[in-house]
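First the structure, in the form of structure tokens, and then the observations on it.
All values reported here derive from a predicted model rather than from experimental measurement. Read the numbers this way: they start at 1 and go in the same order the structure lists the ligands and their atoms. The first residue in the sequence is number 1, and the count goes up from there.
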Amino acid sequence: MSIKYEIQVYNTLTDKKEKFEPLNSPFVGMYVCGPTVYSDVHLGNCRTFTSFDVIYRYLLFLGYKVRYIRNITDVGHLVDDADAGEDKIAKKAKLENLEPMEVVQRYTNGFHDVMKQLNNLTPSIEPTATGHIIEQIAMVKSLITKGLAYETNGSVYFDVLKYNEIKGDYGKLSGRVLEDLYANTRDLDGQNEKRNSLDFALWKKAMPEHIMRWTSPWGDGFPGWHIECSVMSSKYLGEQFDIHCGGMDLKFPHHECEIAQSTATFDKSPVKYWFHTNMLTINGARMGKSKGNSILPAELFSGNHTLLTRPYSPMVLRFMMLQTHYRSTMDLSNEALLASAKGYNKLLNTSIILQKLTQSELGILNEKLDLEINSFIEKAFEGLNDDFNTGITISHLFNVSKSINAFYNRQADVNTISKQTFDNLKTNYELLFTTILGLKNESDLAFSGLATDILQIYKMAKDEKQYDKVDVIRTMFKSRGLVIKDMKTGVDWGFEE
Ligand code: AMP
Ligand code: ZN
């Protein structure tokens with residue numbers, strides 16, 4: 001299998017852009033930290049998962065055979081990141097008087113629904129933390145045997161200082177220095193069990209009232225938050241794999257601890273490339289479940305939120321997210337959504353026009369236009385090759401869209417570009433819009449068919465100068481977000497831009 005292009009990717013671990021060279025090409029192992037399923041995913045979570053969906057799609061397009069793992073955290077993520085407080089899922093179960101697994105199922109289903117609405121592809125495997133308790137216990141045991149973890153009072157902690165004496169790389173991913181970390185660790189509940197405040201839990205003893213519990217060599221308990229990802233990534237992708245993804249907020253402590261656990265277990269650095277998404281913000285503040293500023297996908301799709309003046313569809317949300325590079329912050333506002341709705345409709349209309357457009361004959365070659373169109377397409381791919389910069393890709397699709405519209409309106413003659421360029425345009429626009437960016441027409445065929453039929457009535461009314469009927473049909477279209485286009489070549493309808 002041949003790989004199409006060379007790509008450069010930004011690696012958080014080295015803080016550099018690097019040529020992407022998988023460990024065992026054409027195979028690529030990709031692990032994404034999935035949601036903690038104790039509440040509905042918000043738009044910030046959606047941004048992260050959608051960014052990685054495009055990376056997955058692009059790697060597939062390039063010809064890589066990707067095994068894409070995205071886990072479900074259904075135990076072990078405590079309310080406080082520093083091993084204190086209740087388990088998020090157990091807490092929710094208590095509040096709602098449900099079985100913890102009912103909470104897990106409810107929000108896993110909700111997560112899947114949203115991923116589908118956003119047209120995100122399903123991962124190759126979606127393992128759960130509770131489905132891998134045996135493997136987690138085995139890894140904790142091995143860390144104790146190696147002398148890098150210790151038991152205190154039924155809980156097991158990772159010995160950060162000892163690990164760092166041997167490997168010297170703790171803090172490498174997040175750029176933290178041990179001394180600074182010391183200064184910032186608070187004296188939290190359970191901290192007295194640790195030899196050092198920097199140590200983190202691999203296994204926690206379950207108090208009598210704790211419902212989510214498993215038998216272990218250290219008594220009844222449950223796994224720490226970080227160990228699940230070391231276990232599931234190595235189980236399905238091997239001791240060393242290509243790509244590990246997550247939001248920036250996971251760099252520390254989650255990913256730093258994961259590196260330490262895996263390196264200590266397998267004696268090798270687990271991941272070649274670390275990709276981290278930047279945060280979706282509202283008025284500059286990170287959107288977060290615990291921050292009380294989160295907007296849910298359902299609120300956006302129904303328009304039922306004080307920030308919004310109207311509903312926005314899943315594809316408008318997807319389009320808005322992809323207009324910004326995944327490593328830049330993105331501020332959500334009604335204005336930004338309005339602009340994205342227009343932009344998405346423009347590119348969607350262009351995609352529909354392109355499907356109808358044909359070349360009838362070859363005219364006199366307009367070399368400049370021909371070159372320009374090829375160059376826009378090339379640049380659209382170059383955007384993706386440069387650390388998956390979908391914003392650049394979309395800007396070149398807008399450039400291409402101008403030419404396509406000019407051809408369709410007969411302001412420019414499509415026959416003046418070569419057949420090769422025309423075919424290139426058709427194939428690649430569709431590839432970029434649908435296969436790689438994952439955008440699609442949300443209205444169904446019956447709707448489009450009906451609109452086209454009504455357009456015939458519109459045309460007849462116009463020919464017969466029945467302007468009151470013409471106006472009624474125009475208003476009907478407008479109320480559904482559609483416009484009627486009267487062109488030299490005839491009439492057509494499109495989505496309002
Ligand atoms: P959680 O369920 O909280 O573990 O989050 C699931 C994923 O969403 C993680 O990769 C987080 O880093 C990511 N995430 C959380 N908040 C945001 C945000 N405001 N913007 C982008 N990604 C986020
Ligand atoms: Zn993880």
Side-chain angles (χ1 to χ4, degrees), residues 12 30-53 55 69-81 87-89 92 103-104 107-108 110-112 114-115 118 120 123 126-129 132 136 139 173-174 200 223-237 241 243-262 270-271 274-297 317 320-322 324-332:
T12 320
M30 170 165 162
Y31 186 92
V32 173
C33 286
T36 306
V37 282
Y38 71 103
S39 67
D40 292 309
V41 280
H42 58 65
L43 298 183
N45 306 129
C46 292
R47 179 186 188 199
T48 284
F49 297 124
T50 304
S51 301
F52 297 135
D53 177 65
I55 292 179
I69 315 292
R70 189 183 63 208
N71 74 301
I72 295 281
T73 296
D74 57 354
V75 71
H77 196 167
L78 303 188
V79 171
D80 188 296
D81 275 354
D87 182 295
K88 291 187 179 189
I89 288 158
K92 182 77 168 205
V103 172
V104 164
Y107 295 111
T108 304
F111 171 62
H112 287 162
V114 171
M115 291 299 102
L118 286 172
N120 285 335
E126 191 174 52
T128 62
H132 295 76
Q136 294 182 74
M139 192 178 275
L173 178 77
S174 53
F200 57 88
W225 172 31
H226 318 300
I227 193 80
E228 59 168 292
C229 288
S230 284
V231 158
M232 295 188 280
S233 60
S234 59
K235 173 160 179 163
Y236 298 111
L237 300 175
F241 59 96
I243 305 173
H244 195 310
C245 311
M248 291 245 274
D249 56 323
L250 296 188
K251 273 199 273 183
F252 190 88
H254 187 54
H255 291 161
E256 202 68 71
C257 296
E258 205 184 314
I259 292 179
Q261 293 163 160
S262 299
V271 177
W274 283 88
F275 298 167
H276 288 99
T277 47
N278 213 323
M279 295 290 108
L280 181 72
T281 58
I282 289 202
N283 298 324
R286 181 195 139 193
M287 185 181 284
K289 283 171 200 169
S290 49
K291 296 192 182 293
N293 66 352
S294 54
I295 300 185
L296 303 182
L317 175 63
M320 188 191 84
M321 289 170 170
L322 300 185
T324 306
H325 186 224
Y326 77 92
R327 285 194 294 111
S328 305
T329 52
M330 176 196 238
D331 205 50
L332 188 88

For H42, is the nearest heavy atom under 4.0 Å from an atom of ligand 1?
yes

Out of L280, I282, N45, who gets a non-hydrogen atom closest to atom 8 (O) of ligand 1?
N45

Just to verify, what does Y107 make a ring-ring contact (aromatic ring centres under 6.0 Å, His included) with, not counting sequence neighbours?
none

Where ligand 1 meets R286 - atom numbers and elements under 4.0 angstrom, heavy-atom basis:
15 (C), 16 (N), 19 (N)

Can you sort out the partners of S294 under side chain to side chain contact (heavy atoms under 4.5 Å, CB included), two or more places apart, ordered by chain and number?
H42, M287

Any idea which of S294, G44, G247 brings a heavy atom closest to atom 21 (C) of ligand 1?
G44

Within ligand 1, which atoms have a heavy atom of K289 less than 4.0 Å away?
2 (O)

Is a side-chain donor-acceptor pair under 3.5 Å present for T73 with N71?
yes

Hey, does the Lys NZ or Arg CZ of R70 hover above the aromatic six-ring of F52, less than 6.0 Å from the centre and inside 45° of the axis?
no

When you measure from the side chain of S230 to the backbone of E258, do you find a donor-acceptor pair of N or O atoms at a distance under 3.5 Å?
yes

Give the contacting part of D249 toward ligand 1: side chain, backbone, both or neither, where contact means a heavy-atom distance below 4.0 Å.
side chain

I need the minimum non-hydrogen distance between M279 and D249, along with the two atoms involved.
CE-OD1, 3.3 Å

Around atom 19 (N) of ligand 1, find the nearest protein heavy atom and jot down its residue, atom name and distance.
M287 O, 2.7 Å

Contact summary for D331 and G284, nearest pair of heavy atoms
OD1-N, 3.1 Å

Distance below 2.8 Å from the Zn ion (ligand 2): protein N/O/S atoms
C33 SG, C229 SG, H254 NE2

Any T277 heavy atom less than 4.0 Å to ligand 1:
no

Search all heavy atoms of V75 against all heavy atoms of E228 and return the closest pair with its distance.
O-OE2, 3.8 Å

Would you be so kind as to tabulate the donor-acceptor pairs closer than 3.5 Å made by side chains of residues 33-41, with sequence neighbours excluded?
| unit_1 | atom_1 | unit_2 | atom_2 | d |
| --- | --- | --- | --- | --- |
| T36 | OG1 | H77 | ND1 | 2.7 |

Which option out of F49, Y107, W225 puts a heavy atom nearest to atom 7 (C) of ligand 1?
F49

Report the part of L250 in contact with ligand 1, treating N, CA, C, O as backbone and CB onward as side chain, heavy atoms under 4.0 Å; options are side chain, backbone, both, neither.
side chain

Provide the closest heavy-atom pair for Q136 versus P223 in the form atom of the first, atom of the second, distance.
OE1-CB, 3.2 Å

With only distance considered, is R47 within less than 3.5 Å of ligand 1 through an N or O on each side?
no

Can you tell me if T73 contacts ligand 1 (heavy atom of the residue under 4.0 Å from the ligand)?
no

